[in-house]
Amino acid sequence: MNIEFFTTSEQAWDAELAAIRAAQKTIDLESYIFFDDKIGRQFLEAMAERATAGVQVRCIFDNIGSFGFSDASLKWCEAHCIQVELFHR
């Protein structure tokens with residue numbers, strides 16, 4: 001197992017996005033805070049691209065911590081074959 005440590009959020013996001021873009025079978029993302037902002041949109045678009053390529057994409061977000069993730073965002077995900085579950089709803 002290879003473990004990497006990051007000192008900035010940007011480094012972590014870059015590594016996560018690289019892993020998403022390289023996914024061949026499944027993507028399972030869990031986050032307590034997820035917004036449909038500039039960074040969140042990069043994640044959503046990368047996951048949508050992989051879903052289009054046949055990768056199963058599943059996300060679980062904390063509805064309280066992800067209060068910026070709207071019903072419109074959920075519908076966008078559904079239209080792009082990204083399964084999203086919200087807890088604390």
Side-chain angles (χ1 to χ4, degrees):
M1 177 186 291
N2 184 23
I3 298 174
E4 295 182 62
F5 294 94
F6 304 103
T7 57
T8 68
S9 296
E10 289 79 9
Q11 290 173 334
W13 294 331
D14 288 345
E16 289 175 291
L17 285 166
I20 288 169
R21 292 180 178 126
Q24 297 295 309
K25 294 182 181 181
T26 62
I27 297 169
D28 294 300
L29 176 66
E30 180 180 358
S31 183
Y32 295 102
I33 300 172
F34 194 95
F35 295 118
D36 189 358
D37 58 5
K38 181 181 175 184
I39 300 300
R41 181 53 53 172
Q42 288 179 32
F43 276 79
L44 292 175
E45 289 176 359
M47 290 187 290
E49 186 280 323
R50 297 315 303 146
T52 301
V55 174
Q56 180 185 27
V57 181
R58 300 179 297 189
C59 302
I60 185 168
F61 302 138
D62 181 337
N63 194 50
I64 295 170
S66 301
F67 60 88
F69 198 75
S70 67
D71 287 338
S73 299
L74 284 171
K75 288 178 183 173
W76 187 93
C77 288
E78 183 178 300
H80 290 85
C81 300
I82 300 170
Q83 298 173 35
V84 176
E85 294 293 331
L86 300 172
F87 63 96
H88 291 137
R89 194 160 197 180

How long is the gap from [atom1] on [X] to [atom2] on [Y], to the nearest 0.5 Å?
{"X": "Glu78", "Y": "Asp71", "atom1": "CD", "atom2": "CG", "value": "11.0 Å"}
{"X": "Gln42", "Y": "Ile20", "atom1": "CD", "atom2": "CD1", "value": "10.5 Å"}
{"X": "Ile64", "Y": "Leu86", "atom1": "CD1", "atom2": "CG", "value": "11.0 Å"}

For a 4.5 angstrom cut-off between non-hydrogen side-chain atoms, does Cys59 reach Met47?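 Counting from C-beta outward, Cys59 and Met47 do come under 4.5 Å.
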Taking the side chain as C-beta and beyond, is there a heavy-atom pair between His80 and Glu45 under 4.5 Å?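 Result no, sub-4.5 Å side-chain heavy-atom pair not found.
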Can you confirm whether or not the ring centre of Tyr32 sits under 6.0 Å from the ring centre of Phe61? no
Can you list the steps and then say if Leu44 with Phe34 is a side chain to side chain contact (heavy atoms under 4.5 Å, CB included)? CA-CA 10 Å; Leu44 292 175; Phe34 194 95; 4.0 Å; yes
I'd like to know if [Y] and [X] are part of one continuous hydrophobic network [Ile/Leu/Val/Met/Phe/Trp/Tyr, side-chain heavy atoms within less than 4.5 Å].
{"X": "Trp13", "Y": "Ile27", "answer": "yes"}
{"X": "Val57", "Y": "Leu29", "answer": "yes"}
{"X": "Val55", "Y": "Val84", "answer": "yes"}

Minimum heavy-atom separation for [X] and [Y], please, with both atom names.
{"X": "Asp37", "Y": "Gly40", "answer": "OD1-N, 2.8 Å"}
{"X": "Ala51", "Y": "Cys81", "answer": "CB-O, 3.8 Å"}
{"X": "Ser31", "Y": "Ser66", "answer": "O-OG, 4.4 Å"}
{"X": "Ala48", "Y": "Ile82", "answer": "N-CD1, 3.7 Å"}

Checking side-chain polar atoms at under 3.5 Å, does Asp62 have a donor or acceptor matched by the opposite partner on His88? yes
Using modelled atom types and a 3.5 Å cut-off, is there a donor and acceptor pairing between side-chain atoms of Gln11 and backbone atoms of Thr7? yes
Do the side chain of Ser73 and the main chain of Phe69 share a donor and acceptor less than 3.5 angstrom apart? no
Is there a side chain to side chain contact (heavy atoms under 4.5 Å, CB included) between Ile3 and Met1? Walk through the geometry before answering. CA-CA 6 Å; Ile3 298 174; Met1 177 186 291; 4.0 Å; yes
Listed partners of Thr26 passing side-chain contact (heavy atoms from CB on, under 4.5 Å), at least two apart: Asp28, Gln56
Would Ile39 and Arg41 satisfy side chain to side chain contact (heavy atoms under 4.5 Å, CB included), going step by step from the backbone distance to the final call? CA-CA 5 Å; Ile39 300 300; Arg41 181 53 53 172; over 6 Å; no
Walk me through it: do Leu17 and Phe43 pass the test side chain to side chain contact (heavy atoms under 4.5 Å, CB included)? CA-CA 7 Å; Leu17 285 166; Phe43 276 79; 3.9 Å; yes
Within a reach of under 6.0 Å around CZ of Phe6, are more than 12 heavy atoms found that belong to other residues, nucleotides or ligands? yes
